[in-house]
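One structure is given here, and the rest of the page talks about it.
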Amino acid sequence: MVSYKSKAVERIRLPSVEERERALEEAGYNVFNLAADDVYIDLLTDSGTGAMSDDQWAALHRGDESYAGSPSFERLESAVEDVMGFPYVIPAHQGRGAENVLYGTLLSEGDVVPNNTHFDTTRAHVANQGAEAADCPTEAAHDLSREEPFKGNFSVERAREVVSKVGAENVPVVISTITNNSTAGQPVSIENTRRVRAFADEIDATFVVDACRFAENAYFVHERENEYADATVAEIAREQLEYADAVVMSGKKDGLVNTGGFVATRDESLFERCKSRAILYEGFPTYGGMAGRDLEAMAVGLREAVEDAYIEDRIRQVRSLASMLEEAGIPIYEPAGGHAVYLDAGSFYPHLDSSEFPGQVLVCELYREGGVRGVELGSFAFPDSDRPELVRLAIPRRTYHREHFEHVLETAVDVYENRENVNGLRLATDPEIPELRHFTAELEPVSN
Ligand SMILES: *Cc1c(COP(=O)(O)O)cnc(C)c1O
């Protein structure tokens, strides 16, 4: 079953092998430095890279650009209330802007924040307040092959250990990220969300859901949590968010827009406190760094994100790429999550040490072989961590079709067959902030 046909199209071109080799060299073997026109199939991220619907394009024309009290803001407010159940909304230019507004309001120096797994911008915003991010994933999270329905869950046991060490008075906020982006997009159950709610009450903390992929998460709940087999994705999404005091949202994910985000809450006093920081960093709280027309497109996108036809199509695409790769014997993280397929670079290149960045080698090989751009999430992106060597192939929403994925499959198979003949990479530049080096650092091949 497919849910879309195309109304506008964009040309793409596969550069020749020689052009790809040269582009890679000029990019310092870092695909963030490639020109997008030199990329054939772009699976770098699913953030803001999707296609808007005809209804969203139509809504752009309704945009009202008043500085304060725009009807476009009111339409966003209604969409957030209907889809997510929160009456108070503050727009932001994207998810990290919303994080700055909310965490800048809630956190202070010395606080500790448990989260199933902090997304990188969340971790940075927690640190920016002088607070400490404490990841509390389940045991199965980093096991590449364990078949569990909710590998993204928040471990309340681990969070309890954190609290017993630092004291509840230093833990004012608890976050659950659904789906768990930094754990291969794995979902979080409603049962787990209820437990986190109870835990937050116990220690008198504000419970925030990082809701960037709330609709994808709701689909997995529908599929895997018995109690919700008969509920719609829209009903499940609302119920899961009901447990939260507030959400941070990136419209670039399940808002189905190219940029935008917001904070939403049911707590009026928190809303009032967030407004001043919003004005300082984002804009007046009825536009928050967004054009009125973009508020309109996000309002429509939020409603579309929980339509069964949309979300089934979305998850089916991710899953079909995963099963095509799996059937061809390519090692991947299983089961596939909501927004991407993760290749297990450690199994591609057991002869490469983590200091030779096997994941980044795989990213370069995929581009060289087929013009496919993915992203490394292993020892290059996370220095000094013992995370698995993964390469993420993120699927932009409503953008690619089966033929594109067949090309990705053929490329991955060719790269896998050639796996014994590649050498590692080493850093050629040394960026100031090691945590952000995968965006900018240049590398060079290690010659044996
Ligand atoms: C993308 C994302 C963010 C940040 O949103 P941006 O729009 O990229 O600033 C925060 N949390 C999670 C889980 C995300 O996936």
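Counting begins at 1 with the first residue of the sequence. Indexing begins at 1, ligand by ligand and atom by atom, following the structure's order.
In this structure a side-chain-to-backbone donor-acceptor pair under 3.5 Å is present from Arg266 to Ala244.
Heavy-atom contacts of Glu99 reach the following atoms of ligand 1: 10 (C), 11 (N) (cutoff under 4.0 Å). Residue-ligand proximity, Thr177 to ligand 1, at heavy-atom distances under 4.0 Å covers atoms 13 (C). Near Thr121, meaning under 4.0 Å from any of its heavy atoms, are these atoms of ligand 1: 3 (C), 4 (C), 10 (C). Residue Ser250 has at least one heavy-atom neighbour below 4.0 Å for each of these atoms of ligand 1: 5 (O), 6 (P), 7 (O). Of all atoms in ligand 1, listed by their number and element, those nearer than 4.0 Å to a heavy atom of Arg213 are 15 (O).
Taking the ring axis of Tyr243 as reference, the NZ or CZ atom of Arg197 does not stay both within 45° of it and closer than 6.0 Å to the ring centre.
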For Glu296 and Arg293, what are the C-alpha separation, side-chain angles and deciding distance, and is it a salt bridge (charged side-chain N to carboxylate O under 4.0 Å, His left out)? CA-CA 5 Å; Glu296 296 275 0; Arg293 54 181 169 272; over 6 Å; no
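Close N/O approach between Lys253 and ligand 1 is found [any backbone or side-chain N/O within under 3.5 Å]. At least one N or O atom of Asp210, backbone or side chain, sits closer than 3.5 Å to an N or O atom of ligand 1. Taking only nitrogen or oxygen atoms, main chain and side chain alike, Gly260 does not reach within less than 3.5 Å of ligand 1.
When only non-hydrogen protein atoms are considered, atom 8 (O) of ligand 1 lies nearest to Arg96 NH2, 3.0 Å.
Shown here are the salt bridge (Lys or Arg N to Asp or Glu O under 4.0 Å) partners of Asp386, two or more places apart in sequence or in another chain: there are none. Applying the side-chain contact (heavy atoms from CB on, under 4.5 Å) test to Ile279 and every residue at least two apart in sequence or in another chain returns Pro285.
The side chain of Lys252, and not its backbone, has at least one atom closer than 4.0 Å to an atom of ligand 1 (non-hydrogen atoms only; side chain from C-beta on).
You'll find the side chain of Asn181 reaches within 4.5 Å of the side chain of Arg213, heavy atoms only.
Note on ring orientation: taking the six-membered ring where Trp is involved, the planes of Tyr40 and His407 are perpendicular (angle over 60°, cut-offs 30° and 60°).
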